[in-house]
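As C-alpha cells, the structure follows; a few thoughts come after it.
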Amino acid sequence: MLPIQRIRDDPDSVRDGARRKGETAPIDELLAVDAEARSLRTTVEQARAEQRAASAAMRGKPSDDERAALTARKQRIQEDEARLAELDQRVDALLLEVPNPPHESVPDGGGPEDNVVARTWGDAPGFGFEPLPHYEIGERLGVFDFERAVKISGSRFVVLRGDGARLQRALTSFMLDVAREHGYSEVAPPFLVRREAMVGTAQLPKFEDEAYHADDGLFLIPTAEVPLTNLYAGEILDAAQLPMAHVALTPCWRREAGAAGKDTRGYIRLHQFEKVEMVRFTTPEASLDELELLTSHAEHVLQRLGLHYRVLLMCTGDLGFAQWKKYDVEVWAPGLRQWLEVSSCSVFADFQARRANIRYRSAPGEKPRHVHTLNGSALGVPRTFDALLETYQQEDGTVVIPEPLRGYLGGLDRLIAP
RNA sequence: GGAGCGAUCGCCUAGUUGGUCGAGGGCGCCGCACUGGAAAUGCGGUAUACCGGGUAACUGGUAUCGAGGGUUCGAAUCCCUCUCGCUCCGCCA
C-alpha cells in the first residue's frame with residue numbers, strides 16, 4: 001500500500017504507475033473521499049475538543065440545563081463521527097487497491113514479448129535421439145500417476161511414486177541446503193493463514209478468487225511468501241538484524257491454475273505443488289542490490305544441478321500488483337522445447353511492509369521506518385523436476401540423477417523403470 | 001468442545017466505588033553531570049497515527065490502555081460482541 005500522502009502530493013505518478021502495469025487505480029475516487037474525510041475530520045475534532053472542555057468544566061457538579069446542551073451536541077458529534085468512520089473505511093479500502101508503481105529501471109511493456117533477457121547460463125543439452133517430454137519419461141518410469149490423481153482429487157493434481165517421490169524429496173532437501181549455505185534461516189510455517197496475513201502480502205483483497213480457503217475463514221497459502229513475510233507483521237526490527245533471510249519448503253495451493261486452460265498436460269500447472277521460497281527483509285537503501293543477490297541465489301540451485309536457464313527482467317506489464325521490480329528465472333525443458341518459469345524474484349519496496357506494518361529502527365531513539373521486503377523461489381519444485389527428467393534422460397529411457405542429489409538418495413544414480 | 005482467568009506505553013508493572021489518566025513506577029534506551037576512561041550515582045528526556053500552523057526546530061488539536069460496539073456531559077475503569085493468551089477438563093496424532 002502507498003502512503004496516502006504520496007497520492008495526495010503526486011497523483012499523476014501513481015496513476016501512471018498503474019497504467020504502465022496495465023492496471024487501474026481508483027485515484028480520483030480516493031482523492032475525493034479523502035478530501036471529504038479531511039474536512040469532516042476538522043469539524044469533528046473541533047466539536048470534540050469543545051465538548052471535552054465543557055465536560056471537564058462541569059466535573060463533579062452536574063447541572064441539568066448544562067447537561068441538556070451537552071447531550072444535544074453529543075448527538076451531533078456522534079452522527080458526524082459515524083459518517084467520518086465510513087469515509088475513513090472507504091479510503092482504507094481504496095488504498096488497498098492501488099498498485100505499486102514500478103521502479104524506474106523496469107522496462108515499459110505490455111506483456112511477455114517485452115521482457116528483457118538479462119542473461120543466459122549454460123547451453124541447451126544436445127541429444128543423439130529425440131528427447132521426450134517429462135510426462136512421457138515419467139510415465140514410463142512409473143514416476144507420475146496422473147490417472148489416479150484425477151480419481152482422488154480431480155484434474156490438476158498428480159501422484160508421484162517410488163523413486164520419483166524420493167527424487168522430489170531429495171530435490172527439496174537440496175534446495176533448502178543451498179539456501180542455508182547462502183545464509184537463509186529455515187522456517188517451517190503454518191500452511192493455513194488468517195485473512196490479515198493474505199492482505200499483508202497483497203494476495204487480498206484483489207485476488208480472493210484465486211485462493212483456496214477453509215470454512216473457518218483461514219486461507220491455504222498460495223506461496224510461503226505469505227507466512228514468511230508476515231512473520232514480523234506489526235513488529236519493529238533492529239537495524240542490526242537486517243538483512244534478515246528466511247527460507248521455507250511448503251506446499252502451495254492455487255485455484256487459478258485450472259482456469260487458464262494452458263499447460264494442461266504434464267507436471268507444470270497444478271492446484272497443489274511444492275516450492276522452496278526465500279524471503280528477505282532489508283533497509284530501503286539495500287533492497288535493489290538485494291534483489292540481484294536473491295536472484296543469484298535462485299540461479300545457484302540450477303547451476304549446481306547443471307540445468308540450462310535464462311533470467312528475464314520483467315517489463316511493467318508483467319509485474320504483479322505489489323511488485324516494484326522482478327526477475328523471472330526460466331529453465332530450459334529440452335523435451336517440451338520450451339522455457340519453464342521456476343522462480344520469480346521480486347522486490348516490493350515498502351508496499352507489503354506498510355500493509356503488514358513491518359518496521360525497523362535504524363538506531364536507538366530513531367523513528368521506525370518500514371522495511372523493504374523481497375521474495376523469490378529457489379525453486380518451484382515441479383518444473384525443476386521436469387527439467388531434470390528432460391535434461392538427463394537417456395536413449396534407453398532411464399534418467400541419470402545429477403551428482404549433487406545422489407547423497408540425498410542413498411547413492412542412487414539413475415531412475416530405471418521398475 | 002466445556003469451565004475459569006487474563007490482555008495497559010520497547011519489556012515488566014500500578015491503576016477496576018467513572019472525572020485530577022495519554023496514563024504512575026521499574027527496566028531498557030538517549031542526553032547531560034561526575035570520571036583519565038568506565039562502572040556506580042544524580043538530573044533531564046524517552047509511544048504512535050492523523051488533521052491544522054510554520055522553510056524548519058517546533059507548535060495547536062484529535063484519536064489510541066487487545067479489536068469493535070454501547071451506556072454517560074465525561075470510560076483504562078461499567079455493559080455487549082469478537083480475537084488472542086494462560087490454567088483445568090474432554091478429545092485426539
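In what follows, chains are A, B, ... by sequence order, proteins preceding strands, each numbered from 1.
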Inset, instruction - With a 3.5 angstrom cut-off on both distances, give the Watson-Crick or G-U wobble partner of B/A3, or none if there isn't one. - result: B/U87
Legend entry - Residue met sooner reading RNA chain B from 5', once A/Arg359 and A/Leu70 are mapped to nucleotides: A/Arg359
Inset, instruction - Using the P atom on both, measure B/C29 against B/G85 and round to a whole Å. - result: 31 Å
Identify all pairs in which a protein N or O lies below 3.5 Å from an N or O of nucleotides 75-84 of chain B, and state each distance.
| residue | atom | partner | partner atom | Å |
| --- | --- | --- | --- | --- |
| B/C84 | OP1 | A/Arg194 | NH2 | 3.3 |

Legend entry - Counter-base of B/G10, judged by Watson-Crick or G-U geometry with both distances under 3.5 Å: B/C27
Inset, instruction - Rounded to whole angstrom, note down the P distance from B/C65 over to B/G10. - result: 13 Å
Inset, instruction - Identify the nucleotide, in any strand shown, that forms a Watson-Crick or G-U wobble pair with B/G66, with both distances under 3.5 Å; if there is none, say none. - result: B/C82
Legend entry - Result of checking A/His246, A/Gln241, A/Arg359 against A/Tyr232 for side chain to side chain donor-acceptor pair (under 3.5 Å): A/His246
Inset, instruction - Establish, yes or no, whether a centroid distance under 6.0 Å links the rings of A/Trp339 and A/His308. - result: yes
Legend entry - Pair partner, B/U77 [Watson-Crick or wobble, under 3.5 Å]: none
Legend entry - Whole-angstrom distance between B/C78 and B/G26, as gauged at atom C1': 31 Å
Legend entry - Option among A/Glu292, A/Met314, A/Glu299 that satisfies the side chain to side chain contact (heavy atoms under 4.5 Å, CB included) test with A/Tyr327: A/Glu292
Legend entry - Separation between the C1' atoms of B/A63 and B/A57, rounded to whole Å: 25 Å
Legend entry - Exceeds 12 heavy-atom contacts within 6.0 angstrom, atom CZ of A/Arg148: no
Inset, instruction - Start with the C-alpha gap between A/Phe219 and A/Leu192, add the side-chain angles, then the distance that decides, and say whether side chain to side chain contact (heavy atoms under 4.5 Å, CB included) holds. - result: CA-CA 5 Å; A/Phe219 289 81; A/Leu192 288 163; over 6 Å; no
Inset, instruction - Return yes if some donor-acceptor pair links the side-chain N/O of A/Arg15 with the main-chain N/O of A/Ala25 below 3.5 Å, else return no. - result: no
Inset, instruction - At under 4.0 Å between heavy atoms, which parts of nucleotides 50-67 of chain B does protein reach? Answer with one letter per nucleotide, 5' to 3': B base, S sugar-phosphate only, - none. - result: SSS--------BBS----
Legend entry - Atom pair distance, as rounded to whole Å: CZ in A/Arg354 and P in B/U48: 15 Å
Inset, instruction - Tell which nucleotide pairs with B/A57, taking only Watson-Crick or G-U wobble pairs whose two distances are both under 3.5 angstrom. - result: none
Legend entry - Separation of the C1' atoms in B/A23 and B/U48, to the nearest angstrom: 15 Å
Show me the protein contacts with nucleotides 91-93 of chain B, counting only N or O atoms at under 3.5 Å.
none

Legend entry - Any A/Lys74 side-chain nitrogen or oxygen under 4.0 Å from OP1 or OP2 of B/U71: no
Inset, instruction - Mark yes or no for whether A/Lys74, through its side chain, and A/Gln51, through its backbone, hold a donor-acceptor pair below 3.5 Å. - result: no
Inset, instruction - Go ahead and name the base partner of B/G37; Watson-Crick or wobble counts if both distances stay under 3.5 Å, otherwise write none. - result: none
Legend entry - Other residues, nucleotides, ligands: >12 heavy atoms within 6.0 Å of A/Gln46 CD: no
Legend entry - Minimum-distance pair of heavy atoms, taken over all atoms of A/Leu405 and A/Leu388: CD1-CD2, 3.7 Å
Inset, instruction - Just do the salt bridge (Lys or Arg N to Asp or Glu O under 4.0 Å) check on A/Glu181 and A/Arg304 with the steps written out, would you? - result: CA-CA 13 Å; A/Glu181 284 172 27; A/Arg304 296 267 292 268; 3.2 Å; yes
Inset, instruction - Determine, stepwise, if the pair A/Arg166 / A/Tyr408 fulfils side chain to side chain donor-acceptor pair (under 3.5 Å). - result: CA-CA 9 Å; A/Arg166 290 179 68 213; A/Tyr408 297 92; over 6 Å; no
Inset, instruction - Name the pairing partner of B/C92, where a pair is Watson-Crick or G-U wobble with both distances under 3.5 Å, or state none. - result: none
Legend entry - For atom CZ of A/Arg369 and atom P of B/A49, their distance in whole Å: 13 Å
Legend entry - First encountered from the 5' end of RNA chain B, between A/Gln89 and A/Thr71: A/Gln89
Inset, instruction - Determine the Euclidean distance between corresponding P atoms of B/U16 and B/C21; express it in Å to zero decimal places. - result: 13 Å
Legend entry - For A/Gln352, the option from A/Met1, A/His370, A/Glu225 that meets side chain to side chain contact (heavy atoms under 4.5 Å, CB included): A/Glu225
Legend entry - Pairwise P distance, B/G19 and B/G74 [rounded to whole Å]: 14 Å
Legend entry - Pair A/Asn115, A/Asp318: side-chain N/O donor-acceptor within cut-off below 3.5 Å: yes
Inset, instruction - Find the distance A/Met1:CE to B/A49:C1' and express it as a whole number of Å. - result: 12 Å
Inset, instruction - Sort out the partner of B/C32 for me: Watson-Crick or G-U wobble, both distances under 3.5 Å, none otherwise. - result: B/G42
Legend entry - P-based separation of B/C58 from B/G66 [nearest Å]: 30 Å
